Amino acid sequence: MPELPEVEVVRRGLEQHAVGARVTAVEVLHVRPVRRDPRGPEGFADALVGRTLTAARRRGKYLWLPLDGGDALLAHLGMSGQMLVQPPGAPAERHLRVRFALERPGAEPTELRFVDQRMFGGLAVSAGGAELPAEVAHIARDPLDPLFDDDAFVARVRRRAVGIKRQLLDQTLVSGIGNIYADEALWRTRLHGDRPGERLRAAQVRELLAHVRDVMTDALAEGGTSFDALYVDVNGQSGYFDRSLRAYGQEGRPCQRCGTPIRRVAFANRSSFFCPVCQPVPRRPRATRRIDPPRPR
DNA sequence: CAGCTTACCTGCCGGC
DNA sequence: TGCCGGCAGGTAAGCT
């Protein structure tokens, strides 16, 4: 589930329900989710017990909770990760991987739980990572970050021949966009994802960026309801998916603009969805073919 | 070295 | 019913 809007929903929930709490115990139920932590499962737990969570930050799809002392609990949800805040007695979720006992002054104890079916996600304690974990340094700012540099983004996109969808998914260029929001933003801009960046006009890239922001903001508005006082629920699917998707997952359904059935094609080991009329396939998908000059002899 | 493929996991769904 | 392939919104390592 998690692209930027979903991760932001989780961040807000953690800000509300976990920040200010002290970690009193950590239980690692599966080692895989802490594989990135150089200390190993035991060291991971030891580095957290007794610490207080002082904030909840995010860049793109990465999330971290700074700790008193300057380290941070870093999290990535991967494909199926969830962060849940539960009362300690709640039955264990099927894919519960790590749990943290939390105590906040003047409040009932709670449990923070990392639940992840596929375990592509993970947790780590980032040494000195309170401001920006080293593990996140290569990730670009996301389009909702006030310091995101629009001009630099436009310039970089137009410098490369790579298809625009691939560039949207490149987290070192712009972060937070995944397969769904890439397809949705491209549909809104009427651009095919195979259009080479270098063949787009600056105004088109700007318009695309504006649509990326719009679709993420819309999603955020609808995903914000899945929190309540007791738990942090990551299920952004329910509200947003049914109503607002115009391209992603809509194969065969009529395009909401022109009625043409949405098409699905293979893309980078998954799928792309687009309207073949509104978003025409570029004539030469890529490969700048040019005629070699005659050889002097 | 930019750009593409592959690996990493588990579960579900549809076809045979 | 059971088995198998395909597919799922993630990143990053590895190959060309």
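Everything numeric here is computed off the predicted structure, so don't read it as measured data. Every chain is numbered from 1 and lettered A, B, ... according to where its sequence line falls, protein lines coming before strand lines.
- Between the side chain of R257(A) and the backbone N or O of R190(A) there is no donor-acceptor pair closer than 3.5 Å.
- One finds a salt bridge joining D150(A) and R213(A) here, because a Lys/Arg side-chain nitrogen approaches an Asp/Glu carboxylate oxygen to under 4.0 Å.
- At dA8(C), one or more side-chain N or O atoms of S271(A) fall inside 4.0 Å of OP1 or OP2 (strictly under the cut-off).
- Ranking dC9(B), dT10(B), dG3(B) by closeness to the R32(A) side chain, first place goes to dC9(B).
- Between R113(A) and E93(A) a salt bridge is recorded (basic side-chain N to carboxylate O distance below 4.0 Å).
- Ionic pairing of R12(A) and E15(A) is not present here: no N-O contact between side-chain nitrogen and carboxylate oxygen is shorter than 4.0 angstrom.
- Between R158(A) and E198(A), none of the side-chain N atoms (NZ, or NE/NH1/NH2) sits under 4.0 Å from a carboxylate O, so this pair counts as no salt bridge.
- Pairs of Watson-Crick or G-U wobble type, with distances under 3.5 Å, assemble into runs of 3 or more in DNA chain C at these ranges: B:2-8 with C:10-16, B:10-16 with C:2-8.
- At least one donor-acceptor pair under 3.5 Å links the side chain of E3(A) to the backbone N or O of G178(A).
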Item to check | Per-nucleotide protein contact string for nucleotides 10-16 of chain C (B base, S sugar-phosphate only, - none; heavy atom under 4.0 Å) | outcome: BBS----
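- Side-chain atoms of E222(A) do not come within 3.5 Å of backbone N or O of A219(A) as any donor-acceptor pair.
- Between D194(A) and R283(A) no salt bridge is recorded (no basic side-chain N to carboxylate O distance below 4.0 Å).
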